[in-house]
**Student:** 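Dropping the structure in here first, questions after.
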Amino acid sequence: LLLAANAYWKPAPGAVSPWNAVYGTKAANKYPGFRVIDVDLENTSNATIASLKANGTKVMCYFSAGTYEDFRADKGLFRKSEIGKPLHEWPGENWLDIRSANVRRVIKGLDAVDPDNVDGYTQKSGFNLTYQDQLKFNRFLSEAAHNRSMAVGLKNDLLQIKDLVSYFDFAYNEQCYQYGECDKLTPFILQGKAVFQAEYQGNLTRICAKAKSLKMDAVLMDMDVTGKKSQRC
């Protein structure tokens with residue numbers, strides 16, 4: 001079922017810049033002057049979140065919805081049978097069996113959540129995940145966030161946009177300019193929903209020109225997402 005609740009934040013195209021992402025530090029409030037900050041759930045204290053919100057900043061929270069991370073406090077909640085193949089570029093991280101009821105757990109006083117790794121069905125996860133398995137899990141994430149009065153973004157997962165755009169309040173995409181995929185995100189813009197665009201390399205002027213033509217909100221940042229080197233349009 002689609003949820004019709006209006007209590008949560010609904011970011012519109014062009015209304016979220018300037019924004020930043022700060023995952024690798026516990027001091028996200030060192031970076032004032034942003035409308036939106038995406039923080040790491042575990043690395044950010046309630047006091048920091050309260051401070052940011054008191055200054056008028058919308059706080060979005062990153063967490064890896066589709067993978068197990070051996071450095072997280074919740075690592076003991078997952079069964080061995082639910083932990084799949086590793087993500088080769090990210091040590092200590094493995095795909096999860098998103099079909100498992102035990103895996104479906106989520107979340108602080110936030111405006112929005114940014115669940116990552118929600119396209120395991122396209123990867124060598126170690127599980128026979130299907131398109132429909134992923135749809136069910138991603139819709140579960142949407143419902144879980146809305147039930148907690150939070151907005152939720154669809155992270156990457158471009159192939160399922162047509163089936164999920166109505167369930168999610170915004171899109172968060174990494175490197176669509178680099179890979180020539182930004183046009184695929186226009187269904188969100190057409191529904192009046194913001195697209196947070198993160199790029200990790202490239203020419204800022206060209207990135208911004210493309211983003212502005214599509215009404216997307218782009219930031220050029222470091223791959224470690226520390227917030228220190230972010231350049232905004």
Side-chain angles (χ1 to χ4, degrees), residues 11 13 16-25 28 31 34-41 43 58-67 69 86-93 95-96 112-125 134 137-138 141-142 145 151-161 164-165 168-189 193-233:
V16 300
S17 291
W19 69 276
N20 202 356
V22 187
Y23 297 167
T25 176
Y31 304 96
F34 293 97
R35 288 185 180 179
V36 183
I37 287 190
D38 187 17
V39 301
D40 185 284
L41 174 63
N43 288 347
K58 294 292 185 183
V59 182
M60 183 194 314
C61 179
Y62 165 91
F63 70 101
S64 186
T67 64
E69 296 170 311
L87 280 72
H88 297 294
E89 296 182 0
W90 303 99
E93 193 165 355
W95 290 103
L96 283 170
V113 286
D114 162 29
D116 198 6
N117 295 308
V118 294
D119 57 356
Y121 79 104
T122 68
Q123 308 295 324
K124 295 179 180 179
S125 67
Q134 194 70 61
F137 182 69
N138 291 355
L141 292 173
S142 170
V152 58
L154 181 65
K155 186 78 163 274
N156 302 323
D157 196 19
L158 296 172
L159 297 178
Q160 294 192 325
I161 285 178
L164 291 174
V165 62
F168 285 80
D169 307 297
F170 59 91
Y172 189 122
N173 184 270
E174 297 170 295
Q175 300 163 279
C176 73
Y177 179 83
Q178 181 179 341
Y179 296 116
E181 298 174 329
C182 294
D183 290 345
K184 295 179 180 180
L185 292 149
T186 54
F188 278 92
I189 299 298
K193 299 177 179 182
V195 174
F196 293 79
Q197 177 188 344
E199 299 291 336
Y200 303 121
Q201 64 182 57
N203 180 281
L204 181 65
T205 300
R206 293 176 181 174
I207 289 170
C208 292
K210 178 66 173 180
K212 289 179 180 178
S213 73
L214 295 175
K215 299 182 180 179
M216 296 179 184
D217 294 272
V219 175
L220 179 61
M221 62 181 68
D222 60 296
M223 195 71 177
D224 292 331
V225 198
T226 63
K228 298 177 182 178
K229 299 179 182 179
S230 294
Q231 300 177 66
R232 58 205 194 198
C233 295

**Student:** Using every non-hydrogen atom in the two residues, find where Asp169 and Ala151 come nearest and quote the distance to one decimal.
**Tutor:** OD2-CA, 3.2 Å
**Student:** Just so I know, are the side chains of Ile189 and Leu214 near enough to count as touching, which here means a heavy-atom distance under 4.5 Å?
**Tutor:** no
**Student:** Under a plain distance cut-off of 3.5 Å, with no hydrogens placed, do Asn156 and Glu174 share a side-chain donor-acceptor pair?
**Tutor:** yes
**Student:** Taking atom CG of Asp119 and atom CD of Gln160, what is their separation to the nearest 0.5 Å?
**Tutor:** 8.5 Å
**Student:** Are the side chains of Cys176 and Glu199 in contact, using a 4.5 Å heavy-atom criterion?
**Tutor:** yes
**Student:** By the definition side-chain contact (heavy atoms from CB on, under 4.5 Å), identify the one residue from Tyr172, Phe188, Phe170 that meets it with Leu154.
**Tutor:** Phe188
**Student:** Can you tell if the side chain of Leu185 reaches within under 4.5 Å of the side chain of Lys193, non-hydrogen atoms only?
**Tutor:** no
**Student:** Could you state the interatomic distance from NZ (Lys212) to CG (Asp217), rounded to the nearest 0.5 Å?
**Tutor:** 10.5 Å
**Student:** Looking only at heavy atoms, what is the nearest atom pair of Asp40 and Cys61, with distance?
**Tutor:** C-SG, 4.2 Å
**Student:** Output the distance between atom CG (Asp114) and atom NZ (Lys155), rounded to the nearest 0.5 Å.
**Tutor:** 3.5 Å
**Student:** Kindly give the heavy-atom pair with the smallest separation between Val118 and Ala65, and that separation in Å.
**Tutor:** CG1-CB, 4.2 Å
**Student:** Any heavy-atom pair between the side chains of Tyr177 and Asn203 that's under 4.5 Å?
**Tutor:** no
**Student:** Does Gln197 offer a backbone N or O that forms a donor-acceptor pair with the side chain of Asn173 under 3.5 Å?
**Tutor:** no
**Student:** Within the structure provided, determine whether Val113 and Leu41 are in side-chain contact (heavy-atom separation under 4.5 Å).
**Tutor:** no
**Student:** Please report the shortest heavy-atom distance between Gly202 and Leu220, naming the atom on each side.
**Tutor:** O-CD2, 3.7 Å
**Student:** Let me confirm one number: the CG-CZ distance from Leu141 to Phe168, rounded to the nearest 0.5 Å.
**Tutor:** 6.0 Å
**Student:** Nearest 0.5 angstrom please: Met221 CE to Gln231 CD, how far?
**Tutor:** 11.0 Å
**Student:** Using a 4.5 Å cut-off on heavy atoms from C-beta on, say whether the side chain of Trp19 contacts that of Met60.
**Tutor:** no
**Student:** Would you say the side chain of Lys58 lies within less than 4.5 Å of the side chain of Pro11, judging by non-hydrogen atoms?
**Tutor:** no
**Student:** What's the verdict on side chain to side chain contact (heavy atoms under 4.5 Å, CB included) for Tyr121 and Leu159, showing C-alpha distance, side-chain angles and the deciding distance?
**Tutor:** CA-CA 11 Å; Tyr121 79 104; Leu159 297 178; 3.4 Å; yes
**Student:** To the nearest 0.5 Å, how far apart are NZ in Lys184 and SG in Cys182?
**Tutor:** 10.5 Å
**Student:** What are the two closest heavy atoms between Thr186 and Met216, and how far apart are they?
**Tutor:** N-CE, 4.3 Å
**Student:** When you check the side-chain N and O atoms of Asp38 and Tyr23, is any donor under 3.5 Å from an acceptor?
**Tutor:** yes
**Student:** Please answer whether the main-chain N or O of Ser17 pairs with a side-chain N or O of Arg35 as donor and acceptor at a distance below 3.5 Å.
**Tutor:** yes
**Student:** Flag the pair Leu87 / Gln123 as yes when at least one side-chain heavy-atom distance between them is below 4.5 Å, and no otherwise.
**Tutor:** no
**Student:** Please identify which of these residues, Ile37, Val39, Val36, meets the side-chain contact (heavy atoms from CB on, under 4.5 Å) condition with Val59.
**Tutor:** Val39
**Student:** Between Glu93 and Asn117, is any side-chain donor less than 3.5 angstrom from a side-chain acceptor?
**Tutor:** yes
**Student:** Of all heavy-atom pairs between Ala218 and Ile207, which one has the smallest distance, and what is that distance?
**Tutor:** CB-CG2, 4.0 Å
